[in-house]
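Below is one structure, written out as structure tokens; the observations come after it.
Every chain is numbered from 1 and lettered A, B, ... according to where its sequence line falls, protein lines coming before strand lines. Just so it is clear, the structure is predicted and the values come from calculations on it, not from any experiment.
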Amino acid sequence: MYVPRITSMDTLYRPAGVEERWQRTWEEEGLYNAEPDPDRESFVIAHPPPNVTGELHMGHALQLALADALVRWKRMQGFNALFQPGYDHAGISTQNAVEKDLAREGKTRHDLGREAFEERVWEWLRLYGRTIMTQFRRMGASLDYRRERFTMDDDYVRAVMRWFVHLHGKGYIYRANRIINWCPFHETALSDLELVHQELDDELVYVRYPFVEGEGHVTIATARPATILADVAVAVHPDDERYATLVGKEVLVPYVERRVPVIADERVEIDFGTGALKVTPGHDPLDFEIGRAHKLPEPMVIGPDGRMNDGAGDLAGLTQEEASARILAWLEERGQLEKREPYRHAVALCERCESRIEPLISLQWWCSMEELKKPALDALRERRVRYHPEAQHRFAIDSLENAPDWNISRQLWWGHQLPVWYCPDGHTTVAETEPDACAECGSKELKREEDVLDTWFSSALWPFATLGWPDDTPDLRAFYPGDLNTTAREIIRLWENRMIFSGLEVMGEVPFTDVIIHSTVLAPDGRRMSKSLGTGIDPLDVIEEHGADATRYGLLKMSSTQDVRFSFGAVEEGRKLANKLWNLSRLLLQAAGEGVKPEIRPSAIEERWILARIDRVRSEVEEDFAAFRFSHAAQALYHVTFDDFCDWYAEAIKPRLYAGDADAGATALAALERLLGLLHPVMPHVTEEIWTNLPERETRLIVAPWPEPDEAYAEADSLQRVQDAAAIFRRSGVLVALEGDEKRIFDAVVRPERVQANGNAGAEIERLRKEIERAERMLANDNFVQNAAPEVVEAEREKLARYRRELDALEPSLD
RNA sequence: GGGCGGUUAGCUCAGUUGGGAGAGCGCCGGCUCGACAAGCCGGAGGUCACUGGUUCGAGCCCAGUACCGCCCACCA
């Protein structure tokens with residue numbers, strides 16, 4: 001492949017063509033690939049599979065920037081790094097997209113029928129799906145793209161079936177009639193986690209329920225008058241003195257004139273409305289609980305289409321609004337409508353279509369969490385899996401402790417159909433593949449359950465199903481358990497915790513040891529990034545304008561706290577850094593001259609100094625990466641490049657470079673080499689591009705060894721003197737060389753002429769003198785030293801005295 | 001309603017065991033010197049949200065208050 005010489009190129013680094021070229025090259029040369037290798041330790045990140053219909057958004061970009069930096073770092077350190085890509089079929093989300101598409105033709109999925117609809121989804125995916133992996137590549141994400149997996153692949157489906165049968169065999173999966181969240185548009189059950197809540201303007205109506213015996217009534221408040229028809233009780237709080245005498249009496253439900261009891265239940269809020277609650281177990285989750293506790297009947301008046309059903313008698317077939325109007329009119333006539341008031345409250349909506357959720361009772365499949373969660377909780381408590389930051393670890397544990405049984409069935413057409421078959425006698429057969437006959441009666445007339453599984457039921461298997469489970473494959477042995485996962489906060493309960501208990505259940509080991517819960521990237525104005533608000537920023541636009549390296553750097557730089565505003569400044573800083581590196585390498589390559597090879601041959605203090613600085617940043621970056629402090633690492637890399645390498649070291653050696661000093665040239669290239677290595681995980685493209693232009697490159701930087709620790713230069717005598725001069729005394733006898741001061745001290749000691757030129761030598765010395773005097777004052781303060789060991793205090797006094805002598809010795813040389 | 005995060009320079013934000021208030025961008029002044037003017041050198045600019053506490057000493061630790069925000073949530 002043609003690689004232009006850097007010295008002949010533009011003074012402005014243009015990432016556009018360069019980045020795509022390297023992305024292609026790395027992939028074509030197989031440098032992203034991972035194969036089982038008994039001689040090397042593995043490092044594995046199973047990247048969260050995006051929706052198969054998805055497009056790259058800022059969350060993905062951040063996730064990739066973080067994870068890929070770690071993967072590249074580990075790869076350079078010699079780990080057998082596997083970064084696993086793939087797609088999630090994303091049941092309801094994909095089905096919704098295709099249904100919208102159908103709607104443009106004036107059709108619904110029912111017009112096609114199930115089989116044709118599924119065909120339509122596959123066809124749609126061929127046209128519009130699976131584009132996001134191209135966008136992942138554009139980020140420079142070093143995923144092993146050969147290993148792309150899809151949760152609807154035949155092998156993956158087999159894993160899902162095995163998982164279901166396994167759980168069923170252990171008795172964790174059962175079928176039950178319970179209240180669930182029903183989406184009337186998709187006509188499916190949804191889990192609590194698939195809802196969004198939105199503040200909507202409603203009306204709260206106060207309705208009188210007359211006593212069956214005697215005069216009077218009890219007034220309840222409701223936002224859904226249509227559900228009055230399904231009332232089976234009125235409930236009050238047991239401590240509510242207003243209603244103490246009412247408990248046990250009976251009242252008449254309006255319109256249907258049904259006699260129902262007044263009961264006491266602690267779940268009733270005394271302070272809301274009138275403090276009396278109409279109990280409708282068929283259409284409200286709280287009422288359902290109360291109903292079951294009191295063994296009340298569970299009539300339903302609203303059907304799966306959201307309209308009044310046959311249970312609603314003469315109102316059957318009406319919409320809820322129509323039914324409400326009829327009921328309110330009925331109440332009005334009889335003086336049972338006490339008042340109506342505007343009411344703004346949070347309403348549950350389907351997160352995909354924003355239809356109002358209908359709570360209703362439905363026969364669904366459930367997965368008991370009771371036993372499954374135990375080993376996962378142990379793992380979390382023993383910190384065999386750690387969420388970062390720490391607050392999210394506590395949240396993960398709390399969530400799992402309180403995880404209710406999991407509704408795993410969905411009445412959708414796109415997804416994994418449950419491996420359950422029914423015979424005409426109502427027997428149930430559960431099997432991985434279609435059975436020949438009913439397991440109980442041998443009937444050949446089997447009909448498969450129509451429901452599909454919750455998308456997350458299959459995603460939970462991602463870390464091992466992508467490696468071949470349920471088969472015992474070399475990949476599975478080599479790459480399970482993995483190391484790390486990165487995700488957004490709201491995914492903890494949906495996915496992360498479920499991968500942990502699934503991994504423990506079938507593999508016996510946690511799927512990873514660390515979970516990074518990354519920042520939420522908000523729009524620059526602090527609002528949420530969203531298409532509907534128009535606040536979204538397309539990462540691909542940012543990449544196009546500034547480059548993937550700059551985008552990666554910027555995202556890392558800005559990802560410090562839980563919520564961060566997108567900062568173009570941070571991206572521009574990254575672009576500046578790339579440009580700076582580019583021009584630095586032009587300088588060094590030109591000035592070092594032809595034939596000079598990178599080699600450490602330091603002869604001057606500034607050379608030992610820059611090597612020591614680079615080595616210190618190496619260890620800093622290692623600590624930062626290991627602790628997932630990406631923002632800090634980015635900052636350290638920026639400063640060592642700009643301030644230390646370019647502004648100081650490069651300026652200092654320029655005269656020697658131009659004079660043809662081969663040692664200076666060789667050392668400078670060697671120092672640059674190390675710097676490029678440190679920067680590669682964050683800015684892979686520009687560093688690889690420069691690396692290629694260095695003489696005698698045998699390997700790509702992506703697989704070059706991470707710079708080794710280099711104690712020799714860190715301990716150089718002259719450097720030590722610089723450090724000592726900058727050291728100040730801090731509490732408990734800790735001596736610290738102040739980072740920021742070091743350069744200025746270096747100035748004072750090594751390049752006094754420059755300091756004097758700026759007229760600051762006196763000021764620097766004055767600063768140092770003040771530091772020392774402050775330390776002396778502290779040492780003289782009895783309150784300060786009382787808790788310190790006497791020998792420590794004495795040692796510090798001696799050090800301080802030495803610094804004062806050094807300072808005094810330094811001063812004359814600067815005059 | 002619950003959980004969590006934030007509040008430091010005009011803007012976006014660092015500040016890792018308590019002792020120097022910082023960076024990038026913007027602004028002002030100088031440099032038109034052979035990597036980069038998308039550069040270099042220098043400078044101005046801050047009651048570290050507020051109140052109280054601990055301490056010789058608090059941006060940092062403790063208690064509380066206010067505001068902003070994210071996630072979650074069954075007050076009908």
Would you say that more than 12 heavy atoms from the other residues, nucleotides or ligands in this model lie under 6.0 Å from the CD of A:Glu266, or not?
no
Is a donor from one side chain sitting under 3.5 angstrom from an acceptor on the other, for A:Lys278 and A:Thr227?
yes
Checking all strands, does A:Ala221 fall into the base, sugar-phosphate, or nothing category for heavy-atom contacts under 4.0 angstrom?
base
If we take the C1' atom in both B:G3 and B:C40, what is their distance in whole Å?
50 Å
When we call it a touch if two heavy atoms are under 4.0 Å apart, what does A:Ile220 touch: a base, just sugar-phosphate, or nothing?
nothing
C1' atom, B:A58 versus B:U17: distance in rounded Å?
15 Å
Just to confirm, is there a sub-4.0 Å distance from OP1 or OP2 of B:C75 to any side-chain nitrogen or oxygen of A:Tyr343?
no
Begin from the C-alpha positions of A:Glu351 and A:Leu190 and carry the test side chain to side chain contact (heavy atoms under 4.5 Å, CB included) through to its verdict.
CA-CA 10 Å; A:Glu351 68 174 346; A:Leu190 298 174; over 6 Å; no
Does the side chain of A:His345 get closer than 4.0 angstrom to OP1 or OP2 of B:A76 through an N or O atom?
yes
Taking B:G18 as the reference, what is the distance to B:G10 when you measure between their C1' atoms (whole Å, please)?
30 Å
Distance below 4.0 Å between A:His639 side-chain N/O and B:A14 OP1 or OP2
no
Pairing partner (Watson-Crick or G-U wobble, both distances under 3.5 angstrom) of B:A23:
B:U12
Can you tell me the pairing partner of B:G29 across any strand shown, Watson-Crick or G-U wobble, with both distances under 3.5 angstrom?
B:C41
Taking B:A21 as the reference, what is the distance to B:G26 when you measure between their P atoms (whole Å, please)?
27 Å
Sugar-phosphate, base or nothing in reach of A:Arg493, heavy atoms under 4.0 Å:
sugar-phosphate
Show your reasoning for whether side chain to side chain contact (heavy atoms under 4.5 Å, CB included) applies to A:Phe645 and A:Leu581.
CA-CA 10 Å; A:Phe645 206 114; A:Leu581 275 174; over 6 Å; no
Counter-base of B:U51, judged by Watson-Crick or G-U geometry with both distances under 3.5 Å
B:A63
Just N and O in the side chain of A:Arg489: are any of them under 4.0 Å from OP1 or OP2 of B:G5?
no
Are the side chain of A:Ser519 and the backbone of A:Thr561 linked by a donor-acceptor contact shorter than 3.5 Å?
yes
Is the phosphate of B:C40 approached by A:Lys580 (side-chain N or O, under 4.0 Å from OP1 or OP2)?
yes
Pick base, sugar-phosphate or nothing for A:Ser560, based on heavy-atom distances below 4.0 Å to the nucleic acid.
sugar-phosphate
Between B:A76 and A:Thr222, is there an OP1 or OP2 to side-chain N/O distance shorter than 4.0 Å?
no
Only pairs with both distances under 3.5 Å count, Watson-Crick or wobble alike; so what is the partner of B:G2 in this structure?
B:C71
Please figure out whether A:Leu587 or A:Glu490 has its closest RNA chain B nucleotide nearer the 5' end.
A:Leu587
